[in-house]
Amino acid sequence: MDTNEHSHLPAARTPIMDDKITGTTAAATKTRELAREMPGVRILAAQAFSRAAGAPLVHGNDIRLLKDAGENYAAWLDAIHAAEQTIHFENYIFHSDNIGWRFAEALISKAKSGVRVRVLYDWLGALTETSSRFWQKLREGGVDVRCFNPPRFDSPLGWVSRLHRKSLCVDNQVAFVSGLCVGQMWIGYPERNIPPWRDTGVEIWGPVVADVVQAFAHAWAEAGPELSEDELPAPDSIPVAGPVDLRILGSVASTAGLYRLEQLITVLAQKTLWLTDAYYVGSTSYVQALRHAAMDGVDVRLLVPGSSGDLTFLRPISRAGYRPLLEAGIRVFEWNGSMLHAKTAVADGRWARVGSSNLNMASWLGNWELDVAVENVEFARQMEEMYLKDLENATEIVLGDKNRVRPVESPAGTGAGRERRRLRRSGGSASRLTASALRVGNTVGAAITSRLVLGAAEAKIMTSGGVVLIVLAMIALLQPLLLVVPFSLIAGWMGVSLLMKARALRNTSMTHRQAGRNSDQASGKEDSQFRKNHCDPSPGTDGEPAGQEAGKSAQAPSSGSGDSADPAKRGDHASETPHEQNDEPQPEPLHQQKEAAIAPGSQASG
């Protein structure tokens with residue numbers, strides 16, 4: 001595909017950067033040509049993708065690209081209305097607004113008709129957006145509702161891991177994966193002249209649907225009893241639906257499967273890598289991978305929400321993270337609409353990703369996410385066309401005078417200029433504030449540890465961080481209780497939680513030890529029974545073992561006429577010295593008795 005189709009958009013490279021790139025371009029081109037001539041390289045890449053993501057490539061599927069809520073919500077509701085057996089619906093936020101109630105009514109209607117309907121929502125996501133009456137209505141209507149990871153006293157920091165997925169599975173035959181939550185803002189507010197949020201999802205059919213159901217079942221089991229095995233479909237039980245190869249990236253907390261995959265895609269991209277992300281806060285290693293790809297001649301682009309929606313004083317902070325990207329020749333664009341919430345990627349016209357994961361450490365390591373990785377030329381072509389269409393409603397960010405990060409200004413009378421000014425007045429969002437706070441933390445941490453080379457654009461972030469630390473120091477001096485009391489409460493809470501966990505571990509260990517003792521006792525009884533039945537020597541004439549008979553015969557002359565039956569004499573005999581006792585005939589050792597019982601002839605021949 002001609003990447004210069006939108007050549008009217010100004011490039012971000014500088015003459016200095018072109019000099020840096022020139023030295024590696026020829027070698028990189030040669031390497032890519034060799035890679036195209038080697039089918040084994042592609043096989044090796046596919047194997048690397050599977051191992052890095054922990055997700056196998058599933059063949060025989062079909063997929064449909066869905067843009068915005070107009071297409072996604074309509075497809076979701078159609079599938080829900082057509083459900084006959086099961087509906088599995090997991091989402092980060094269900095807003096209890098007009099759209100939320102519309103979905104609630106559809107789910108309740110199917111539950112009353114006998115369909116097994118399960119809804120899984122995130123505690124933090126629904127904390128301020130969903131009323132308790134909403135969940136009560138669903139439960140009263142027969143819907144099985146569970147809350148993911150509510151706060152627990154024994155886990156003070158457990159709430160950090162969130163269910164950020166957005167998926168819907170119906171009858172184990174069709175599944176939807178997207179970045180859309182359930183809420184009116186994805187439809188927009190026409191009466192207030194606020195357009196819909198921009199977002200992307202997919203509808204999939206085929207054997208890969210089984211992996212989506214498995215991902216839901218895994219998260220569902222975190223909030224209660226597991227699904228029964230007969231409700232989990234096997235891939236071969238779902239018929240082939242098309243020629244598309246897919247992977248379901250069902251990330252769980254702390255596994256970093258998608259992070260490894262994103263790094264691999266960045267390393268293996270040869271021509272293009274176009275990214276869309278709602279809350280981009282790239283890690284140092286990921287930023288370096290993007291930079292090296294761009295310096296190697298790959299057309300790397302990043303589309304993010306417009307800073308016009310942020311609070312005024314945070315706009316420089318939001319853009320400060322772009323500087324290292326721009327310096328390497330990566331093109332960065334800001335969306336001019338109300339909110340860009342999509343999380344997508346497309347590379348080399350062959351590989352694409354759609355789902356819930358953002359390009360930040362919260363998604364890569366902290367959250368439960370769900371994405372679809374597609375290896376199909378036709379689908380990648382559709383993704384590229386959608387991306388170029390989105391760029392028509394975006395503003396490119398460049399390095400301007402004095403090497404500062406700034407947008408390419410549109411004329412005051414153009415639609416893009418008016419849109420940015422109108423949205424600037426509309427205020428910011430909590431999520432963008434969070435992303436900006438993460439950028440501040442990353443930059444301040446890098447400045448303190450000196451582990452990252454910082455530029456002039458980060459100076460404003462460092463200034464903000466320094467001011468915050470000075471304010472905290474002043475509070476500690478003037479009103480120490482304002483810091484001491486919260487710290488004491490948090491430290492006490494963590495201390496109690498550690499004691500509770502230690503006690504639980506101790507109880508578990510004691511239970512396992514007791515079970516081990518019981519097992520040993522049962523084994524000992526079985527061993528004793530075995531010895532009694534199989535390991536005793538042949539019986540004597542009066543029914544006693546031969547060894548005991550021989551012992552009695554040896555003791556008979558010294559016992560006189562019944563002396564051995566006298567208790568007093570038995571006591572005298574027991575008081576003999578060990579040396580004297582050793583002169584007495586001893587019974588055969590147990591292992592020799594066992595050998596005699598199993599193979600009598602062998603003892604005689606020995």
Side-chain angles (χ1 to χ4, degrees), residues 92-93 122-132 147 149-162 164 253-254 279-284 305 307-321 358 360-363 365-367 424-452 454-503:
Y92 181 57
I93 303 176
D122 184 78
W123 173 83
L124 184 62
L127 181 61
T128 60
E129 306 296 341
T130 316
S131 65
S132 58
C147 176
N149 198 18
R152 296 188 325 219
F153 188 81
D154 63 341
S155 184
L157 300 180
W159 60 271
V160 174
S161 177
R162 306 316 320 167
H164 196 244
S254 303
Y279 309 112
Y280 167 79
V281 188
S283 66
T284 301
S307 296
S308 57
D310 285 330
L311 300 175
T312 303
F313 71 93
L314 288 178
R315 289 176 201 151
I317 296 175
S318 299
R319 289 174 175 162
N358 292 296
N360 59 46
M361 298 308 294
S363 284
L365 292 177
N367 295 337
R424 187 177 293 122
R425 294 191 295 269
S426 66
S429 69
S431 297
R432 296 182 195 181
L433 182 63
T434 302
S436 298
L438 288 173
R439 292 190 186 101
V440 172
N442 289 345
T443 301
V444 172
I448 293 175
T449 60
S450 299
R451 292 182 180 177
L452 180 65
L454 301 174
E458 286 79 10
K460 295 179 180 179
I461 297 181
M462 295 166 63
T463 301
S464 302
V467 170
V468 170
L469 292 176
I470 291 175
V471 170
L472 290 176
M474 295 298 294
I475 292 175
L477 289 174
L478 301 177
Q479 296 291 336
L481 288 179
L482 293 179
L483 297 180
V484 171
V485 172
F487 175 80
S488 300
L489 292 175
I490 293 174
W493 182 11
M494 290 186 174
V496 172
S497 70
L498 288 176
L499 292 176
M500 294 175 63
K501 290 182 178 180
R503 180 178 180 182

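- Annotation for Asn149 and Arg162: closest pair O-NH2, 3.0 Å, computed over non-hydrogen atoms.
- No side-chain heavy atom of Met361 sits less than 4.5 Å from a side-chain heavy atom of Val281.
- Minimum interatomic distance between Ile93 and Gly125 (heavy atoms only, all atoms of both residues): CG1-O, 3.4 Å.
- At least one donor-acceptor pair under 3.5 Å links the side chain of Asp122 to the backbone N or O of Leu124.
- If you take CD1 on Ile475 and CD1 on Ile470, they are separated by 12.5 Å, rounding to the nearest 0.5 Å.
- In terms of modelled atom types and a separation under 3.5 Å, the side chain of Ser161 and the main chain of Gly366 share a donor-acceptor contact.
- The two residues Cys147 and Trp123 come nearest to each other via the heavy atoms SG-CB, 3.4 Å.
- Within the model, atoms CG of Asn358 and OH of Tyr280 stand 12.5 Å from one another, a figure rounded to the nearest 0.5 Å.
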